[in-house]
A.B. asks: 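What follows is a structure written as structure tokens; I'll ask about it next.
Bear in mind that the values here come from a model prediction, so they are computed numbers and not experimental data.
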Amino acid sequence: MKGMILYYSKSGTTEKLAKRIQQDLNCDILKIEPEDPYGNYFSSLARVGKELKNKVPVHSVTEIPDLSGYDTVLVGYPIWYLEAPAFVTDFISRCNLAGKTVIPFATCGLANISSTLDTLKRVCPKSEVVHPLNWGIAKKDDYEEWIRAIR
């Protein structure tokens, strides 16, 4: 497997998980950054709520990478309001992921990655989205079992 990790992390939790995956799979890695950085926890919650309610387009400033040399792309993100951050899905939708295996991993409190999978499949229509990893406070999938499955 030749893999690339694309991820966003606000608090550092998703980044820590992304770097662990990078080490375990020997993958390349790229952090996705929002066009307008989010503030502290409470201001981020308020902002994301307004963006969702008003359908505000949110974009990233990260350059779209050439993924032609990769067969697998791992996508990491926190779950906000039961979804991946809008700028992450916008970024992913602009990547050429046709024919690639997309493996999502998400960090969350009480949510579950399953709530984000329909959106991810919609923005990666020509990809196979498999082996999601839920890394939450309320429920964590077995990381060792997950990493063995994707190796």
A.B. asks: Could you please spell out the steps behind the side chain to side chain contact (heavy atoms under 4.5 Å, CB included) verdict for Met1 and Tyr70?
C.D. replies: CA-CA 8 Å; Met1 172 185 85; Tyr70 301 93; over 6 Å; no
A.B. asks: Taking 4.0 angstrom as the limit, do Glu33 and Lys31 come out as a salt bridge?
C.D. replies: yes
A.B. asks: I want to check something: taking the side chain as every heavy atom from C-beta on, are Asp141 and Trp146 in contact at a cut-off of under 4.5 Å?
C.D. replies: no
A.B. asks: With hydrophobic residues grouped by side-chain heavy-atom distances under 4.5 Å, do Tyr41 and Trp80 end up in a single group?
C.D. replies: yes
A.B. asks: Is a donor on one side and an acceptor on the other found under 3.5 Å between the side chain of Asn54 and the backbone of Lys50?
C.D. replies: yes
A.B. asks: Side-chain contact, heavy-atom cut-off 4.5 Å: Leu67 with Leu97?
C.D. replies: yes
A.B. asks: Charged N to carboxylate O below 4.0 Å: is that the case for Arg122 and Asp118?
C.D. replies: no
A.B. asks: Among Leu74, Thr72, Asp24, which one satisfies side-chain contact (heavy atoms from CB on, under 4.5 Å) with Ile150?
C.D. replies: Leu74
A.B. asks: For a quick test of reading the model, state the closest non-hydrogen atom pair linking Gly69 to Lys2 and the distance between them.
C.D. replies: O-CG, 3.1 Å
A.B. asks: Is there a chain of hydrophobic side chains (I, L, V, M, F, W, Y, each step under 4.5 Å between heavy atoms) that links Leu82 to Val88?
C.D. replies: no
A.B. asks: Quick one: are Ile103 and Thr101 in side-chain contact, heavy atoms under 4.5 Å?
C.D. replies: yes
A.B. asks: Carefully, step by step, assess Asp28 and Ile5 under the rule side chain to side chain contact (heavy atoms under 4.5 Å, CB included).
C.D. replies: CA-CA 6 Å; Asp28 293 326; Ile5 299 169; over 6 Å; no
A.B. asks: For Asn134 versus Ile113, what's the shortest heavy-atom pair and its separation?
C.D. replies: OD1-N, 2.7 Å
A.B. asks: Between Thr14 and Gly76, which heavy-atom pair has the shortest distance, and what is it?
C.D. replies: CG2-C, 3.8 Å
A.B. asks: Tell me whether Lys139 at atom NZ has more than 12 heavy atoms from other residues, nucleotides or ligands lying less than 6.0 Å away.
C.D. replies: yes
A.B. asks: Can the ring centroids of Tyr8 and Phe87 be said to lie less than 6.0 angstrom from one another?
C.D. replies: yes
A.B. asks: Which heavy atom of Ile29 sits nearest a heavy atom of Met4, and at what distance?
C.D. replies: N-SD, 3.7 Å
A.B. asks: Are Asn40 and Ser43 close enough that a side-chain donor and a side-chain acceptor fall under 3.5 Å?
C.D. replies: yes
A.B. asks: In the structure I gave you, are the side-chain heavy atoms of Ile21 and Phe105 within less than 4.5 Å of one another anywhere?
C.D. replies: yes
A.B. asks: Walk me through it: do Tyr77 and Thr116 pass the test side chain to side chain contact (heavy atoms under 4.5 Å, CB included)?
C.D. replies: CA-CA 10 Å; Tyr77 48 88; Thr116 70; 2.7 Å; yes
A.B. asks: Are Tyr7 and Ile147 connected, step by step, through hydrophobic side chains (Ile, Leu, Val, Met, Phe, Trp, Tyr) whose heavy atoms are closer than 4.5 Å?
C.D. replies: yes
A.B. asks: Run through Pro65, Pro34, Pro85 and flag the one making a side-chain contact (heavy atoms from CB on, under 4.5 Å) with Phe91.
C.D. replies: Pro65
A.B. asks: Can you list the steps and then say if Cys124 with Ile92 is a side chain to side chain contact (heavy atoms under 4.5 Å, CB included)?
C.D. replies: CA-CA 7 Å; Cys124 306; Ile92 296 302; 3.5 Å; yes
A.B. asks: Mind checking whether Pro104 and Leu133 have side chains closer than 4.5 Å, heavy atoms only?
C.D. replies: no
A.B. asks: Under a 3.5 Å cutoff, is there a donor and acceptor pairing between the side chains of Ser60 and Thr62?
C.D. replies: no
A.B. asks: Within a strict 4.5 Å, meaning less than it, do heavy atoms of the Lys19 and Glu15 side chains meet?
C.D. replies: yes
A.B. asks: Minimum heavy-atom separation for Gly39 and Ser44, please, with both atom names.
C.D. replies: O-OG, 3.0 Å
A.B. asks: Hydrophobic cluster membership, with links at side-chain heavy-atom distances under 4.5 Å among I/L/V/M/F/W/Y: are Leu45 and Tyr38 in one?
C.D. replies: yes
A.B. asks: When you group the ILVMFWY residues by side-chain heavy-atom contacts below 4.5 Å and let the links chain together, are Tyr81 and Val75 in the same group?
C.D. replies: yes
A.B. asks: Take atom CD of Glu144 as the centre, draw a 6.0 Å sphere, and report whether it contains more than 12 heavy atoms from other residues, nucleotides or ligands.
C.D. replies: yes
A.B. asks: Answer yes when Lys140 and Asp142 have at least one side-chain N-carboxylate O distance shorter than 4.0 Å, and no when they do not.
C.D. replies: no
A.B. asks: Could you pull out the closest heavy-atom pair between Ser68 and Asp66, with the gap in Å?
C.D. replies: OG-OD1, 2.7 Å
